[in-house]
Amino acid sequence: QVSLVESGGGTVQPGGSLRLSCVTSGFVFLKYMMSWYRQAPRKEREMVASITSAGDATNYAADVRGRFTISRDNAQNTVYLQMSRLNVDDTAVYYCHAWPDFWGQGTQVTVDS
């Protein structure tokens, strides 16, 4: 059974940091490109960051580039999103995605002073 479980969300002040994790099982993780998406209230889901199956290339949305870092551990079937210098516009539910097939249930990130 396929499972993607995100964790690490929470409430943080502007300028703070969080590290999201997505632990996966039930599929061949190292064959999948992995991504993080987010969906803010009343907005469409958008791609935040992606990483190739081998972890040798990454891509970021323009508004997070330089602040967020995606990484993966193929031995642990886990993908991470290190988020720094968070601002209120980063408030959203963050989803892990094994492109193109599988989604996690999401974890809430709230940036609030």
Side-chain angles (χ1 to χ4, degrees):
Q1 184 172 352
V2 171
S3 174
L4 295 85
V5 180
E6 301 97 334
S7 63
T11 300
V12 63
Q13 291 185 337
S17 299
L18 284 174
R19 188 193 195 205
L20 306 183
S21 300
C22 174
V23 178
T24 74
S25 63
F27 63 99
V28 184
F29 179 78
L30 58 82
K31 291 189 175 181
Y32 279 77
M33 183 175 73
M34 297 298 297
S35 300
W36 287 93
Y37 281 69
R38 68 185 180 187
Q39 188 166 18
R42 298 174 299 279
K43 292 188 177 181
E44 294 189 355
R45 192 173 296 190
E46 62 177 359
M47 195 279 289
V48 174
S50 63
I51 186 167
T52 56
S53 57
D56 55 355
T58 56
N59 187 39
Y60 297 92
D63 59 343
V64 307
R65 192 173 295 122
R67 300 188 299 120
F68 291 9
T69 302
I70 188 171
S71 62
R72 65 190 294 160
D73 184 340
N74 283 351
Q76 298 295 325
N77 296 338
T78 301
V79 62
Y80 303 96
L81 186 68
Q82 177 67 49
M83 305 185 294
S84 303
R85 290 182 281 141
L86 287 160
N87 60 62
V88 294
D89 292 334
D90 296 317
T91 295
V93 178
Y94 284 72
Y95 298 90
C96 174
H97 177 46
W99 187 89
D101 299 321
F102 310 121
W103 290 89
Q105 83 290 346
T107 185
Q108 176 71 47
V109 171
T110 302
V111 184
D112 188 1
S113 58

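Atoms considered below: every heavy atom in the structure, side chains included; atoms not considered: hydrogens, waters and symmetry mates.
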Val79 vs Cys96 side-chain heavy atoms within contact, under 4.5 Å: yes
Between Glu44 and Gln39: side-chain donor-acceptor atoms closer than 3.5 Å: no
Contact check, side chains of Arg72 and Asn77, non-hydrogen atoms, under 4.5 Å: no
Val93-Trp103 co-clustered via ILVMFWY side chain contacts under 4.5 Å: yes
Minimum side-chain heavy-atom gap Val109-Leu20 below 4.5 Å: yes
Close side-chain approach of Phe68 and Ser84, heavy atoms under 4.5 Å: no
Criterion side chain to side chain contact (heavy atoms under 4.5 Å, CB included) against Phe29, the qualifying member of Asp73, Leu4, Val23, Asn74: Asn74
Pairwise side-chain contact, Arg67 with Asn87, heavy-atom cut-off 4.5 Å (strictly under): yes
Lys/Arg N to Asp/Glu carboxylate O, Arg85 vs Asp63, below 4.0 Å: no
is_close_aromatic(Phe102, Phe27), centroid dist under 6.0 Å: yes
Same cluster (ILVMFWY, side-chain, under 4.5 Å), Val12 and Val64: yes
Approximate separation, where rounding is to 0.5 Å, of Leu81 CG and Ile51 CD1: 10.5 Å
Check: Glu6 and Tyr94 side chains under 4.5 Å, non-hydrogen atoms: no
Any side-chain heavy-atom pair of Ile70 and Tyr60 under 4.5 Å: yes
Inter-residue atom distance Ser71.OG - Gln82.CD, 0.5 Å rounding: 8.5 Å
Any Met34 side-chain heavy atom under 4.5 Å of Ser50 side chain: no
Spacing of Ser3 atom OG and Gln105 atom CD [to the nearest 0.5 Å]: 8.0 Å
Minimum-distance pair of heavy atoms, taken over all atoms of Val111 and Leu86: CG2-CB, 3.8 Å
Under 3.5 Å donor-acceptor, Thr78 side chain and Gln76 backbone: yes
Donor-acceptor contact below 3.5 Å, side chain Ser21 vs main chain Tyr80: no
OG-CD distance between Ser113 and Gln13, expressed to the nearest 0.5 angstrom: 7.0 Å
Tyr95 six-ring face occupied by Arg45 cation (under 6.0 Å, within 45°): yes
Geometric class of the Tyr37/His97 ring pair [parallel <30°, tilted 30-60°, perpendicular >60°]: perpendicular
Verify same cluster id: Trp36, Val2 (apolar side-chain graph, 4.5 Å): yes
Gap separating the CZ atom of Arg38 from the CE atom of Met83, nearest 0.5 angstrom: 9.0 Å
